[in-house]
Number of protein chains: 2
Amino acid sequence: MTQKTNLRHRVTIADIALRAGVSKGAVSYALNGRPGISEVTRQRILKIADDIGWYPNSAARALSGARAGACGLVLARPARTLAFETFFMELIAGIETELSSRSVGLTLQVVHDLEAEMAVYRRWWAERRVDGVLVVDPRLEDPRVELIEQLGLPAVIIGGPEGIGSLSAVWSDDAGAVVDVVRYLARLGHERIARVAGVPEFRSTEVRTEAYLATMAELSLPPRVVTTDFMAESGARVTRQLLADPLPPTAIIYDSEVLAVAGLGAAHEMGLSVPRDVSLVAWDDSTYCQVVHPPLTAVRRDIPAMGSHGASALLALIDDGVITRTGEARGQLMTRGTTARPPHTPVASSRGTSSGSV
Amino acid sequence: MTQKTNLRHRVTIADIALRAGVSKGAVSYALNGRPGISEVTRQRILKIADDIGWYPNSAARALSGARAGACGLVLARPARTLAFETFFMELIAGIETELSSRSVGLTLQVVHDLEAEMAVYRRWWAERRVDGVLVVDPRLEDPRVELIEQLGLPAVIIGGPEGIGSLSAVWSDDAGAVVDVVRYLARLGHERIARVAGVPEFRSTEVRTEAYLATMAELSLPPRVVTTDFMAESGARVTRQLLADPLPPTAIIYDSEVLAVAGLGAAHEMGLSVPRDVSLVAWDDSTYCQVVHPPLTAVRRDIPAMGSHGASALLALIDDGVITRTGEARGQLMTRGTTARPPHTPVASSRGTSSGSV
DNA sequence: GGAGGAAGGTGAAACGGGTAAGTGGGCTCT
DNA sequence: AGAGCCCACTTACCCGTTTCACCTTCCTCC
């Protein structure tokens, strides 16, 4: 009986109006906290709505010019890369805390490339499926920015550095953290510090490489950068290549955690001892960094915070048209078991001492 | 000008109808491939729709009794657990391949507990925000099943074993894979094989434990099961406890990859050599299993396939009311570098020989 | 040559909630 | 006591799409 009623007939504001003996319009005003309804009637309507279990139909609400009540996130990395990047899951968790507290949904789509990502933006916006989007992995030449501006689609770029075009943005101070890491290693006495970077098309890769090069130059140390496609195999391969060099680096900074874990595995596989023979630093901390042996020294960013700030900025943009540009706190270097003095280094080399001033 | 036009006026079927000189109804029939329109008119309408860049308004479509065009997925594990479980990202990637090929969206929500998860189902269904949901981590006493049946919400349970209630389900043959692993270890000569399980409330945990116990009994080996909360620290801790035992296990089977990686780290930390001193097996393979050193022997399941089959089953349920129950292929044991003969074992012990017959 | 039927439409009514414009009734002010 | 005004509603239409009940025309068949 009850079952059948539930299945057959959705509860609408018309039902509430009928029971309350008022018009649909009055019910709508009451439910939306708008003026024009006496407090006693409003309470009566709210009680009836609660009693008969009314929920607004999201489609009807969206149709009458209001919000879709959802934000979108497109992930355009290959699925294989996504799976082991804990970054995205942490980011999503952070986004959710903000969105769900405001009863806004998150619509997710995984695609293969930028073209497909842009097609999704077009479709979502044309269908009014989302009110705005969060954009990750900003690129050097990013065609998404132009499209989004042209569409008038509210968007927040996550990952910076800095904003692009006229869009809202949330980013972390990667350059600063890179400087910290390089100086820390130099202070330990390292001179041959290599950087294993991610894909060069990403802005985050470039800004980190530039900060690395600048700091190395400042310390008069020889730079060495190799790029990867963020895949673990690639991280292991370049680590093997670097360490097989006649003059191998004594420290390696990786651009992701999975690259670092793969690098650690590769070093062990070559019979090297970490950190005795080589020091390793991961970018982005995670459980994996902490449980491998030895635990990885890593740059820890508050990724959930970046997600929730991004979501918050997006809602502000959607609701009030406010463009926000927020730099997050600089990543913290968590020194653990994979960094130590370089092998065969005098306790105080001339360079080590001079770099100790930073 | 063009900009202004785009921003101010959405393209609707009324515009198409006007240009084509037909009624709105005719346009709707044409666009949805329904009969009642001549082929030539249909083509003319489709061309006009394409020319003026028409997209269906998802809200209007959903409102007139049709589909919401989205499926839902609620993740109720704590965010910290989610981040390092590559399982979920792989599952989502698999779900997406199926959904996006049919232009159905995926709405995601991350919550803290079962209560909140159920509240989300209620709300989504009441608001008609989704057409159905994918439910993960089925439990022994699962209150979600009753709620979903009561709501009449189309749902597919992912992760089994087997279906629950009247719902569609997709699961993997975990019991079979556990039998494979235990027998493989026994054949290597292991007698003290421990199992590090996940949270006991999950059905997957129970079915694996039962299969483990049955196989151990069958082989006349002493069973030992410890449970964890799936957190890495917990995996490291129980590993240390197990290995510090006066009569420690010579092989450990973990219930997730992160537990196994943490266990490997703990073993190394204790100065043990893997696999010489102890053999380790991970459940669910991942990049991390392959890049740590030595690479972890692991049970590999095709998780994206499970996701896409789940999504496919859900769409079949939504569209045609078809209840599907699919057991996926049994997980494959990928033997790598963390399993070997137990220490100090004669090449052919009586038990080792007898168990070799399986 | 009129019944019957199908093809190819038309027009209007849902769907559920938002909201501008109107409408009484009671109150205040002078 | 009449003008003016505000409160608390009601009425009516909007949003964009689907769908249902008709309504023409034209063709076929006996």
If I take atom [atom1] in residue [X] and atom [atom2] in nucleotide [N], what distance separates them, rounded to the nearest angstrom?
X	N	atom1	atom2	result
A/Glu127	D/dG16	CD	C1'	13 Å
A/Arg128	C/dG17	CZ	C1'	18 Å
A/Leu63	D/dT18	CG	C1'	12 Å
B/Leu18	C/dT10	CG	P	12 Å

Would you compute the distance between atom CG of A/Asp131 and atom CG of A/Leu315 and round it to the nearest 0.5 angstrom? 9.0 Å
Output the distance between atom CG (B/Leu314) and atom CD (B/Glu98), rounded to the nearest 0.5 Å. 10.0 Å
Has [X] got a side-chain atom pairing as donor or acceptor with [Y]'s backbone, closer than 3.5 angstrom?
X	Y	value
A/Asp320	A/Val322	no
A/Arg42	A/Arg34	yes
A/Ser23	A/Ala26	yes

Sequence neighbours excluded, which residues qualify as salt bridge (Lys or Arg N to Asp or Glu O under 4.0 Å) partners of B/Glu127? B/Arg123, B/Arg129
Any donor-acceptor pair under 3.5 Å linking the side-chain atoms of A/Gln43 with those of A/Glu39?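 The answer is yes; a qualifying pair exists.
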Go through residues 47-59 of chain A and report each residue with a non-hydrogen atom lying under 4.0 Å from DNA chain D, sorted by number. none
With a cut-off of less than 4.0 Å, is there a side-chain N or O of B/Arg61 near OP1 or OP2 of D/dT18? yes
With a 4.0 Å heavy-atom cut-off, tell me which residues in residues 21-46 of chain A come close to DNA chain C, sorted by residue number.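 Contacting residues: A/Lys24, A/Gly25, A/Ser28, A/Tyr29, A/Asn32, A/Arg34.
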Just checking, A/Arg128 and A/Trp125: is the charged tip under 6.0 Å from the six-membered ring centre and within 45° of the axis?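 That pair qualifies as a cation-pi contact.
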